[in-house]
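Reviewing the structure listed below.
As the structure is a prediction and not an experimental result, all values here were calculated from the model. A note on names: the letters A, B, ... follow the listed sequences, proteins ahead of strands, and every chain is numbered from 1.
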Amino acid sequence: MTYPGIGARTYLLSGIALAAFVAFLVLTLLRLGDIGRDLNQDVGEDLMWEIAQAQAEALRLNDAVLRWEAGGARPEAAAPILRQYDLALSRLELWTGGASRRKLAELGMGDTIARHRAALLALEPALRAELSQGRHASADVEAVVRPLATSMREAANRHVTAQRARAGALRDRYRRTLYDIIGSLIGIMASGGFLAFRLFASLRATTRVQRSLQRERDFSELLLGSSGEGIAAFDRNLRCTLWNPGMAQLLGLPAEAAVGRSVREIPILADGPRVEEALRRTLEGHDVFLPDHPGVQLGQRLNRYLEAACFPLRQGGEVVGGIAFLRDVTARNQAQRELARHRDQLEQLVQERTGDLQRTQRQLTSAINTAPDGFAAFAPDGRLVLANEYIRTLFADEPALFDEGARLDTILAALARRAPLAMEAEAAGTGGELMSRELCLSPALWLHITVRRMAGGGTVMRMADITAYKLAALTLENALQRERSLNDFYRSFVSMVSHQFRTPLAIIDSGVQRIMRRGAEMTPAEIAERAEKIRSATGRLTRLVEGTLNASRLDAGQIDMKPRACDFGALVAEACERQRELAPGRRIETALDGLPPAVRCDPILIEQVVSNLLSNALKYSPEHEPIEVRAWAEADVIRFSVRDRGVGVPADDVPHLFERFFRARTAAGIDGTGIGLNLARAIAHMHGGEIAVETKEGAGSTFTLSLPLVAPLQRHN
Amino acid sequence: MEDGLRLLGFTLAHCLFVTLASAAFAAEPLPAPRGPVLLRITGNITTMNAEGAAEFDRDMLDSLGRHEMRTTTVWTDGPKLFGGVLMRDVLARVGARGRSVEAHALNDYVIEIPLDDFDRYDVLIATTMDGRELLARDKGPLWIVYPRDTAEELKDSRYDHRWIWQLDRLEVR
């Protein structure tokens, strides 16, 4: 495992720090060991004390002897002296061996001490004799003790000097050692600190990794534990190594009863031979799946449907065991069975319904096909699903139009193309009616097309043949129109007659009454005047009748046109002359130059037009105003215009000016039938020409007759 | 702390043992010394054979049971074989009760020794060295000898100073 943050370099550094730590520690220990050894060495106080003791005991021996002598030198009181002798001797005896003897030898005092000891030992026989005899012994004793005391002083001096030198050297060595130790300690602290830091870091990393591992383990255990599935693991010997709570619950066998046991020892598994067989196959490296069929005896015994899957556990490519997953599929199984039952029921239901539907559809199709109308049904997406034979025969020239799958808008577009005028939309009705139109496929075939939305979202198109109805309607309409115009005609005629005929009749009647009342008293001049008036009125009536007849002849097609080449200029000039005769006071100015020698026309009819225009100009203008008459030829047309400066025609009357029996408002009070201009225009039309008017109320009018020079006549021929 | 407690317990138990042993011996009266008195014990003791003291001659000491011990010393070269009686036997014989003994030498050297030492170590009151009687002129007649070679801590000057020779008197306190 690699801990995060620790590389080879860190290991190397740690190794170096560890080596340094150990080296410094060893160095420190060695130095401390030196000091310890030094401390164990006797530093010399003992020797000094021993020297002092030896000196003191020797002097006390001397004192004891002197006191004994002063006390009378009694032999029976000599015991303390002998004891003191022993004590003094024991001090020198001490130096015959051990460390003290070596130290004295180092001080160069070995021989001296040995000499003094020998001297002291040599003193004993003499001393004992003197003491027993009560003789003075101080001289002998002093001879031994005094040099001994002096030697002791010298030894003490030498020892102190040597001791000081040694102490100085020792201090120096301690100081050096101390420095070494301090240096080593610093090294120890540094390397130790580094190691501690590394240790701390490693501990932290380890703790982190351990925590992470723990978490993963906890999570795995949680997964295994909380899984609703049973999970069990087996080693190569088919010994159970894992048995999760799901397994325990599914098989009712706790983990303690399973883990560590062989499959054959686990009762519920041992009963099912397939389990062991499956696990053996798993150990051979196969994935084994045991579905919930009745062969798995586990499920049967537990009254459940169980499904198991076994997978080999591999480590380094080698199968080390197997893991088995067990799942309770009882609920799923029941649901599946329930589902299958429902499906069967549904299928049966669907079959029944489909049969019903097909029967209904057959009936419907038959009904639709035998219907006298065209019929097409469209699905909600606008595609044709059904069309009867009749609608196809209606559009036999476009056999693909009503194929199944054709789109409604395509069909409507095709219909619009065939009869654009008739496809103008009519107001769509209520109740889902999208369109209701009449379509004229040909003058002999009218269809009424209705497009309705059905309740289910589809659309239905119906085409009814309304030709018979349509033709009857047209006939009726024409008849009605003719009836209306006839009515208008008669109304206009009666109105005209009541106005125009009444005045001359009244004149005639009053003239005749006057003659009858005064007959004999009347002068011939008077009679002549009355007769003239009566004649004039009669003439007017005659003209009225003439005009009316002309009109009815025109209507009856009884006016024949006999065109021939004639001199148009002469014709106009003669007409002007006649008008001058009829109205001698009026001035008629003519300009008739530039006319071709002959114009092909019916001179009688044209003369009538010219006269009508001239008489109108005279009639509707004041007497003092002249009439300007012009005739000229243009490229292929000759024109004849009459201009007056009379009453003119109101602008709103101009469009009706050429209608039969129409009188402009400005014509009131002036006799006329409203036939002349109508007849003139009819004649102009017969010649392929036209009469136009330019007029302004109160300023006069200019009527212009245009006659084509050649074309219509040639066509007529 | 725990060590301290254990030591205290040990010490107390030991005191009790010493006391009981003393009581056992105390029943037996100490005879009067017949030879020269080598050791005089005073202080807090229960068994005495003199005015405020228990006095031992050489035979009385030997009667407590002789022991031998080989050890090196600071004052001699090479290991020596010492013979004598155990200090604790002597103290038990006199019913010593207390914490320490004050040991006095002929030359008035005095050292205080804790009683513990005698329980912890086989401290000998030696009368012979290498089979030879110890004399006053040669650290005799009695020398307190520690088993210096058996315990490392004994190789210390503090213990060395308790090796009192020319032992004359003990005072139990």
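- By the 4.5 Å heavy-atom criterion applied to side chains, E50(A) and W75(B) are counted as neighbours.
- Atoms CH2 and CD, on W165(B) and E93(A) in that order, are 12.0 Å from each other to the nearest 0.5 Å.
- Here the shortest heavy-atom pairing between S90(A) and A136(B) reads CB-O, 3.6 Å.
- The environment of CG in D111(A) is sparse: at most 12 heavy-atom neighbours from other residues, nucleotides or ligands sit within 6.0 Å.
- Annotation: side chain of W49(A) is in contact with side chain of Y109(B) (closest heavy-atom distance under 4.5 Å).
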Got a list of side-chain donor-acceptor pairs under 3.5 Å for residues 118-133 of chain A, not counting sequence neighbours?
residue: E124(A); atom: OE1; partner: R137(B); partner atom: NH1; Å: 2.9
residue: E124(A); atom: OE1; partner: R137(B); partner atom: NH2; Å: 3.4
residue: E124(A); atom: OE2; partner: R128(A); partner atom: NE; Å: 3.1
residue: E124(A); atom: OE2; partner: R128(A); partner atom: NH2; Å: 3.3
residue: E124(A); atom: OE2; partner: R137(B); partner atom: NH1; Å: 3.4
residue: E124(A); atom: OE2; partner: R137(B); partner atom: NH2; Å: 2.4
residue: S132(A); atom: OG; partner: R128(A); partner atom: O; Å: 3.1
residue: S132(A); atom: OG; partner: A129(A); partner atom: O; Å: 2.9
residue: Q133(A); atom: OE1; partner: R135(A); partner atom: NE; Å: 2.5
residue: Q133(A); atom: OE1; partner: R135(A); partner atom: NH2; Å: 2.8

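- Atom CZ of R66(B) has more than 12 neighbouring heavy atoms from other residues, nucleotides or ligands inside a 6.0 Å radius.
- Rounding to the nearest 0.5 Å places CG of D138(B) at 7.5 Å from OG1 of T96(A).
- Between the side chain of D77(B) and the main chain of G98(A), a donor-acceptor pair closer than 3.5 Å is present.
- Between K139(B) and L94(A), some side-chain heavy-atom pair lies under the 4.5 Å cut-off.
- For CD of E153(B), the number of neighbouring non-hydrogen atoms (other residues, nucleotides, ligands) closer than 6.0 Å is greater than 12.
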Show, in sequence, the C-alpha distance, side-chain angles and deciding distance for L87(A) and L106(B), and conclude whether the side-chain contact (heavy atoms from CB on, under 4.5 Å) test is met. CA-CA 8 Å; L87(A) 290 178; L106(B) 290 174; 3.9 Å; yes
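- Within residues 121-134 of chain B, no residue has any heavy atom less than 4.5 Å from a heavy atom of chain A.
- Within residues 56-67 of chain A, the residues having any heavy atom under 4.5 Å from a heavy atom of chain B are, by residue number, E57(A), R60(A).
- Residue-level contacts of residues 145-158 of chain A with chain B do not occur; threshold 4.5 Å between heavy atoms.
- With a 4.5 angstrom heavy-atom cutoff, T76(B) touches chain A only via backbone atoms.
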